[in-house]
Amino acid sequence: MDKATTQQLKRLRQQLREAKKTQHIPVVPKTKTAQETDHALFLAAMKDVQALPSPATVQHLRPIPSPWPKGLHVASPILNDTMSDFWPWDELEAGEELMHMKPGQKLDTLRKLKRGDWRVEAELDLHGENIDSARSQVAQFLSHCQQRRLRCARIIHGKGISSVDGIPVLKLKLKNWLVQMPEVLAFAQANPFQGSAGAVLILIKSGQQ
């Protein structure tokens, strides 16, 4: 190899070294994680989705709290023996409504009571009670309502579905008891929104009457 060729090769190697130094090294982009990719795909799939309008909500009325303190039995000034089980109208026709009004009340009292013009302020449920315990509870309940000056109360006596022959025994007894009680000014079968044939609304005499 002659001298000229050798010089040419040296120049060529020098040029290759310089070109290698100045050569641009591309930056490899960071690979997205599977989680980031799934999130992007989800957003892309949901971009045209619109939220449904909120459905109409129903405001449920809170149940009326019992006026009875738990574990406390209030003695009634009414003796249960005076609440006879054998009142003159000791029969109840099929489908007959509980309804009665003491003398001296306005003529539309029963209509207003049945319609629900007075707000129910206390409630007594007699489901599962026998005649003796129900009579005692009714006496104590209404006496307590009068002491607290509550105007209107509801007593749930049931429809007698589980009774022998389907006879509403407590409904009949309750009718007799309420007629004899001085606290009771009037009573009427509840409207369909307040218990219908399974409950009675009672207008209570205030302590000042």
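This one's a predicted model, so the numbers in the text were calculated from it and none came from an experiment. Each residue takes its place number in the sequence, starting with 1.
Remark: Glu129 CD to Leu126 CG distance equals 6.5 Å, nearest 0.5 Å. Leu172 contributes atom CG, which lies 11.0 Å from atom NE2 of His157 (distance to the nearest 0.5 angstrom). Of the inter-residue distances, the one linking Leu178 atom CG with Met181 atom CE reads 7.0 Å to the nearest 0.5 angstrom. A distance of 14.0 Å separates CD1 in Ile155 from NZ in Lys171, rounded to the nearest 0.5 Å. Gln194 CD to Leu201 CG: the interatomic distance, rounded to the nearest 0.5 Å, is 5.0 Å.
When side chains are defined from C-beta on, Gln189 counts as touching Lys114, because their heavy atoms get closer than 4.5 Å. Within the 4.5 Å cutoff, the side chain of Val138 has no heavy atoms near those of the Arg135 side chain.
Residues Val179 and Lys102 come closest through the heavy atom pair O-CE, 3.4 Å. For Lys175 against Phe187, the heavy-atom pair with the smallest separation is O-CZ, 4.0 Å. Scanning both residues, Leu113 and Cys152, for their nearest heavy atoms gives CD1-SG, 4.1 Å. The two residues Leu110 and Ala186 make their nearest non-hydrogen contact at CD2-CB, 4.1 Å.
Each of Ile202, Leu124, Leu150 was compared with Leu142 under the side chain to side chain contact (heavy atoms under 4.5 Å, CB included) criterion, and only Ile202 meets it.
A distance-only check finds a donor-acceptor pair linking the side chain of Asn130 to the backbone of Ser133 [under 3.5 Å]. Side chain of Gln146 to backbone of Ile204: no donor-acceptor contact under 3.5 angstrom is found.
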Audit row: Arg115, Asp117, salt bridge (Lys or Arg N to Asp or Glu O under 4.0 Å) steps and yes/no: CA-CA 6 Å; Arg115 190 172 61 189; Asp117 284 12; 2.5 Å; yes
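The cluster map of Ile, Leu, Val, Met, Phe, Trp and Tyr, joined by side-chain heavy atoms under 4.5 Å apart, puts Ile131 and Phe141 in the same cluster. With hydrophobic clusters built from ILVMFWY side chains whose heavy atoms lie under 4.5 angstrom apart, Val49 shares a cluster with Leu43.
Judged by distance alone, the side chains of Gln140 and Ser136 do bring a donor and an acceptor atom under 3.5 Å apart.
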